[in-house]
Amino acid sequence: MTKRHRIVLAKMGLDCHDTGIVIVAQLLRDHGFEVIYLGLHNSADAVVKAALQENADAIGISFLSGQHMTQVRLLIEAMARQRMQVPVFCGGVVPREDAAELQKMGVAEVFFPGTLGPEVVARVSGVLDRGRAA
Amino acid sequence: MSQKPPLSSAAGIAIKETYGPDDITGFDAGRDLGASAGEFPFTRGPYPGMYRERVWTRRFQVGFGSPGESNERIKYLVENGANGFVITIDLPTSYGFDSDDPIAQGEVGVTGVAISTLEDMETLYDGFSPDSVSYALSIRPPVSAVTLAMLASVAEKKGIALDKVIGTQQNDPFYQMSGGPLQTVTQFFPLDGTLRLCADNIEFISTRMPRLNWMVTNGYNLRETGVNAIQDGAFTLGHAFNVFKMAKDRGLDVNVFARRASFFLSCSIDFFEEIAKFRAMRRIYAHTMREVFGATNPECWRMRFSVQSAGNTLTTQQPEVNVVRAGVEALAAALGGAQSIHLCSYDEGHGLPTEASSRMALRTQQVIAYETGITRTVDPLGGSYFVENLTNQMEQAIRAKLAEIDGLGGMFEAIRHGWLENQINQARYQYQADVDSGRRPLVGVNVFQIPQSEELPIEIHKIKADEWGTKRSEYLKQWRQRRDAVKWAEAMAHIETAWREGTNMVPALMNAVQNGVTMGECNEAMRQAQKWSFR
């Protein structure tokens, strides 16, 4: 039996729309993930610190109020400072042209609103399983 | 392709094939609906004549970037005939932070306007007088106590008597609950302090600024978390009743303060259920205000509400279809007797609304208001076997849920102990499971999808967060250099003293903002007075 995937989920900045991420947390738990959800208003350093402490395989964040570009940049910078290399997943109200830029910055997958549960699980698992095989 | 519709409503009420006289046995129009609109228990509407007299208000939502930019936009809209505005505030201001606080990085001016100084509020009112143009500030305590102090100070500086000032300070202590209920309220300020400022505001407004709306219970954000129409009705009313009880416990007169209370509600997509919800809520409110709170002034029995269409029913896929969803929701809100309606823009699944998409949302309402003819008679669905039966069922279900909340010691306790959060989380997860399984059809998402290549291109509202943040930081730096340091220090000290002495905070905050104290500093001083810190 393989080890379960561990993922740290968090809301960053002042945005408090957490419906999506709370649903994803439960969804991933139901599919065998170990989920550590940090709640709202986390700084980039707090997310990276928690991910290191938890020995997480991935980080998942979500945005609804237009702060995704700034906060993702801060997160990627904080990860680089700590030499942390795990896939970052980002979901929420993100314009498609921004999504392409987020992926250039290093985000593994961007999930738009309306993505159904099974697809979220499949894409997250896909990235993590590929990482494990490599 | 055929898709059988579910035979129970979104909130789980079973819907029969047909309805007839047996479904409303004992129905007494005078008792259950009121002789007409504007009569107890107001099921048909809060005012006589309703839209025959005055079509619902089509409010404009304004607020982005700096106060100057927002003021220019308001001037443009006033020239085009608007006179009522919902001013949305950016997230740093909503949480009581100045634009130059490090926590505000990337958020300044994005979701609304930034207000850090008295001068910012004066700029917002440039060219307008607070006794003639109505601004509704979407704001809650502790911040609403500071914005109230700013508004009162603007009026004083313009030589306008406080009792002439119009507008709204939303002042709902649990307003930011569009998610993680308790943490959004408790992260940056102690809950007891928030409740005290809510009561301070009610006291100050009801005694000194009687034309100002002091409390808009925000059921909208709560509904947006994914709870159903029954929970929506019960949580929203339970919440308002708890605030009223707090005001009454402070010795305020229910016949005075309740006159200026109103509601901000969501209208979702389950058409008849939403109409029944609005009608049932008005009836419960009227009975509760008269029989439980003992209000004798008929104005205090009347439940008035503004509606925004449900953002959480919009889809990112085939976004133009959202115009239809919002249109259906606006129709339900009008048939449900709303006083003011704001429609979500069709592009909200992609980003913040553009001017073009906002205009489409307004035009949708105008078609309903001026072309369909539904405004010609009051409560056109009243007396329908189905609608009256559903209204009765909604009332019973909401009352049962209210009794459950009472059993927990009221809504504040239910929130404090995580009960509400639990209800929300269950509802959210169930909703997604229903969409995933197809039990809940969602056009373009789990039925009638098209490939991404066929999606229409969509224009995106450009966010200039970094530019706004930099400009605001420079402004605040100069502001802090310009002000009188001695007077500033005295005003800061006075906030702490007033807090500890338990006096009404609004006058102390007025003194503070007039002496250069910023929004962030007011909040910091009040945190320090409570010996509380989050940093």
Side-chain angles (χ1 to χ4, degrees), chain A residues 10-31 37-46 62-75 77 91-99 101 110-122, chain B residues 90-92 94-95 97 102-107 110-111 176-181 183-185 187-188 221 224-226 311-312 314-317 347-352 421 424-425 428-429 431-433 435-438 442 444-446 449 452 455 457-458 460-463 465-466 469 534:
Chain A
K11 289 286 292 182
M12 299 177 67
L14 296 174
D15 176 31
C16 57
H17 294 86
D18 67 346
T19 297
I21 203 160
V22 167
I23 290 172
V24 168
Q26 187 61 39
L27 183 75
L28 292 177
R29 282 189 192 110
D30 288 351
H31 286 83
Y37 175 49
L38 303 180
L40 306 172
H41 307 313
N42 294 282
S43 66
D45 284 329
S62 100
F63 301 97
L64 186 140
S65 305
Q67 52 286 90
H68 48 275
M69 298 307 288
T70 304
Q71 292 293 343
V72 167
R73 176 173 56 75
L74 292 173
L75 178 67
E77 285 169 5
V93 176
V94 174
R96 277 184 189 265
E97 55 187 70
D98 286 358
E101 251 182 89
V110 178
F111 297 97
F112 298 112
T115 312
L116 298 182
E119 187 187 330
V120 174
V121 175
Chain B
D90 71 358
L91 279 168
S94 299
Y95 281 116
F97 298 113
I103 209 165
Q105 192 180 0
E107 318 241 21
V110 174
T111 59
Q176 215 86 35
M177 286 199 310
S178 48
Q183 196 192 354
T184 54
V185 179
Q187 176 86 18
F188 303 117
N221 288 15
E224 281 285 292
T225 63
N312 67 358
L314 305 186
T315 61
T316 305
Q317 294 79 1
D347 52 0
E348 290 193 18
H350 289 266
L352 300 171
E421 193 161 345
I424 290 172
N425 285 341
R428 286 167 163 176
Y429 197 54
Y431 174 86
Q432 188 61 38
V435 172
D436 285 348
S437 70
L442 208 49
V445 174
N446 61 6
Q449 302 97 322
Q452 177 59 33
E455 291 276 357
I458 192 155
I460 301 294
H461 170 98
K462 259 295 168 212
I463 289 167
D466 292 337
F534 71 93

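Convention: sequence-line order gives letters A, B, ...; per-chain numbering from 1.
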Test salt bridge (Lys or Arg N to Asp or Glu O under 4.0 Å) applied to A:Asp15 - qualifying residues, sequence neighbours left out |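 Partners of A:Asp15 under the salt bridge (Lys or Arg N to Asp or Glu O under 4.0 Å) test: A:Lys11.
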Please report the closest heavy-atom contact between [X] and [Y], naming both atoms and the distance.
| X | Y | result |
| --- | --- | --- |
| B:Asp436 | A:Gly117 | OD1-N, 2.8 Å |
| B:Arg428 | A:Asp18 | NH2-OD1, 2.5 Å |
| B:Val445 | A:Gly114 | CG1-O, 3.5 Å |
| A:Pro113 | B:Gly349 | CG-O, 3.6 Å |

Measure the NE2-CG distance between A:His17 and B:Asn221 for me, rounded to the nearest 0.5 Å.
->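 The CG atom of B:Asn221 is 6.5 Å from NE2 of A:His17, to the nearest 0.5 Å.
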Supply the atom-to-atom distance B:Glu224 CD to A:Leu64 CG, rounded to the nearest 0.5 angstrom.
-> 9.0 Å
Which bit of [X] is near chain B, if near means a heavy-atom gap under 4.5 Å: side chain, backbone, both or neither?
| X | value |
| --- | --- |
| A:Leu74 | side chain |
| A:Ser43 | neither |
| A:Glu119 | neither |

Most chain B-contacting option - heavy-atom pairs closer than 4.5 Å, from A:Thr115, A:Val93, A:Ile21, A:Val94 = A:Val93
What residue, out of A:Met69, A:Gln71, A:Arg96, has the most heavy-atom pairs lying under 4.5 Å from chain B?
->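 Looking at each option in turn, the highest pair count goes to A:Arg96.
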Below 4.5 Å from any heavy atom of chain A, which atoms of [X] appear? Answer side chain, backbone, both or neither.
| X | answer |
| --- | --- |
| B:Gln452 | side chain |
| B:Glu107 | side chain |
| B:Phe188 | side chain |
| B:Asn312 | neither |

Picking from B:Val110, B:Leu91, B:Thr111, what satisfies side-chain contact (heavy atoms from CB on, under 4.5 Å) with A:Leu14?
-> B:Leu91
